[in-house]
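Okay, structure first, notes after.
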Amino acid sequence: MDVTTDSGAPWLIAGLGNPGPEYAGNRHNVGFMVVDLLAGRMGARFKRHGKAQAQVVEGRVGPPGPAGRRVVLVKPMSYMNLSGGPVTALRDFYKVPTARVVAVHDELDIDFGVLRLKLGGGDNGHNGLKSMTKAMGAEYHRVRCGIGRPPGRMPVADFVLKDFSSAERKELDWFVDRAADAVECLVTEGLERAQGSYNS
């Protein structure tokens, strides 16, 4: 089945992050930033879902009419390391094939501002991906938003739970906008086209 052309189930776009204002600007929350922007493009607001510990927005991306794609944007409210439970509950609720699930997340092994898209693979120590893979297997799409490695001997856990630096914040709106464009391209035109346009 070509997941980009089959018109049945929606796509489930899960932005990974931690709930609460104290985490909002953290590097670990770039996934939330991307789905917030996508919701804004739809003119919609996240609402708590009755069947899962998550906030959701239902809408469409891409051109109006049949070329547009139904999507469900998701922000798990379970904290990062338990993301798999809410995402899997919503996958089952909306009857979404795992290949139509997209995790948007921070990635340490990619420089800040660089995007990479892929289907399947390991979790690379990312607790949100680890939880999702344990819950549903690894064959979901990933939009990997590079945040780079921590400086010096700073522990990874401290680095990802810090806000972006002042220099990074100057580029952050552009980066989040580009990641949102990549998600839309993945959903409407397929992985290969999205990789060709956005992988760097």
Side-chain angles (χ1 to χ4, degrees), residues 3 7-62 64 68-107 123 126-145 147 157 160-164 172-173 175-177 179-184 186-188:
V3 292
S7 60
W11 284 74
L12 197 70
I13 315 297
L16 302 187
N18 288 307
E22 67 271 33
Y23 298 107
N26 290 178
R27 293 181 176 92
H28 224 19
N29 272 43
V30 70
F32 273 19
M33 297 174 196
V34 173
V35 292
D36 279 337
L37 179 58
L38 287 166
R41 290 179 180 181
M42 295 176 190
R45 290 188 175 184
F46 278 92
K47 295 179 182 173
R48 188 164 288 279
H49 194 277
K51 300 291 185 184
Q53 192 179 359
Q55 293 182 356
V56 303
V57 164
E58 297 181 39
R60 298 184 83 87
V61 299
R69 296 282 180 260
R70 287 174 58 219
V71 298
V72 180
L73 306 177
V74 179
K75 292 198 292 187
M77 293 286 111
S78 56
Y79 291 97
M80 179 67 85
N81 61 354
L82 299 173
S83 300
V87 175
T88 303
L90 291 168
R91 179 200 65 170
D92 295 346
F93 178 82
Y94 289 102
K95 299 180 172 57
V96 176
T98 301
R100 280 194 181 218
V101 175
V102 182
V104 186
H105 64 91
D106 57 304
E107 178 63 66
D123 57 59
H126 191 288
N127 287 330
L129 297 182
K130 198 175 291 183
S131 177
M132 283 183 60
T133 297
K134 184 176 179 183
M136 69 172 70
E139 289 306 301
Y140 53 90
H141 286 84
R142 299 101 188 277
V143 176
R144 306 158 72 205
C145 303
I147 61 168
V160 298
L161 293 176
K162 284 190 182 301
D163 287 359
F164 287 97
L172 187 58
D173 285 349
F175 184 31
V176 170
D177 192 64
D181 289 347
V183 171
E184 291 188 349
L186 169 63
V187 168
T188 58

Donor-acceptor under 3.5 Å (Asp163 side chain, Asn26 main chain): yes

Derivation of the side chain to side chain contact (heavy atoms under 4.5 Å, CB included) call for Tyr94 and Val56: CA-CA 12 Å; Tyr94 289 102; Val56 303; 4.1 Å; yes

Parallel, tilted or perpendicular: rings of Tyr79 and Tyr23 (30°, 60°): perpendicular

4.5 Å side-chain heavy-atom contact, His49 and Val74: no

Atom pair CG/CG of Asp181 and Leu186 - distance to nearest 0.5 Å: 12.5 Å

Backbone N/O of Ala39 and side chain of Arg45: donor-acceptor pair under 3.5 Å: no

Partner set under side-chain hydrogen bond (donor to acceptor under 3.5 Å, both in side chains) for Asn127, not counting sequence neighbours: none

Asn18: side-chain hydrogen bond (donor to acceptor under 3.5 Å, both in side chains) partners, not counting sequence neighbours: none

Main-chain N/O of Gly62 paired to Glu184 side chain as donor or acceptor, under 3.5 Å: no

Intermediate values then yes/no, side chain to side chain contact (heavy atoms under 4.5 Å, CB included), Arg48 and Met77: CA-CA 9 Å; Arg48 188 164 288 279; Met77 293 286 111; 3.9 Å; yes

From Asp173 atom CG to Leu37 atom CG, the distance as rounded to the nearest 0.5 Å: 8.5 Å

Distance-minimising heavy-atom pair for Val101 and Tyr140: O-CB, 3.4 Å

Contacts of type salt bridge (charged side-chain N to carboxylate O under 4.0 Å, His left out), residue Asp123, not counting sequence neighbours: none

Any donor-acceptor pair under 3.5 Å from Arg27 side chain to Ile147 backbone: no

Taking every non-hydrogen atom, the tightest pair across Ser131 and Leu82: OG-C, 3.4 Å

Val96 vs Val72 side-chain heavy atoms within contact, under 4.5 Å: no

Rounded distance (nearest 0.5 Å) linking atom CZ of Arg41 with atom CG of Leu73: 11.0 Å

Non-neighbouring partners of Arg91 that pass salt bridge (charged side-chain N to carboxylate O under 4.0 Å, His left out), sequence neighbours left out: none

Met33 side chain reached by Phe164 side chain, heavy atoms, under 4.5 Å: yes

Counterpart residues, ring-ring contact (aromatic ring centres under 6.0 Å, His included), relative to His126 (two or more places apart): His28, His105

Residues forming a side-chain contact (heavy atoms from CB on, under 4.5 Å) with Ala89, sequence neighbours excluded: Ala52

Basic-acidic side-chain contact under 4.0 Å: Lys75, Asp36: yes

Heavy-atom side-chain proximity of Leu38 to Val57 below 4.5 angstrom: no

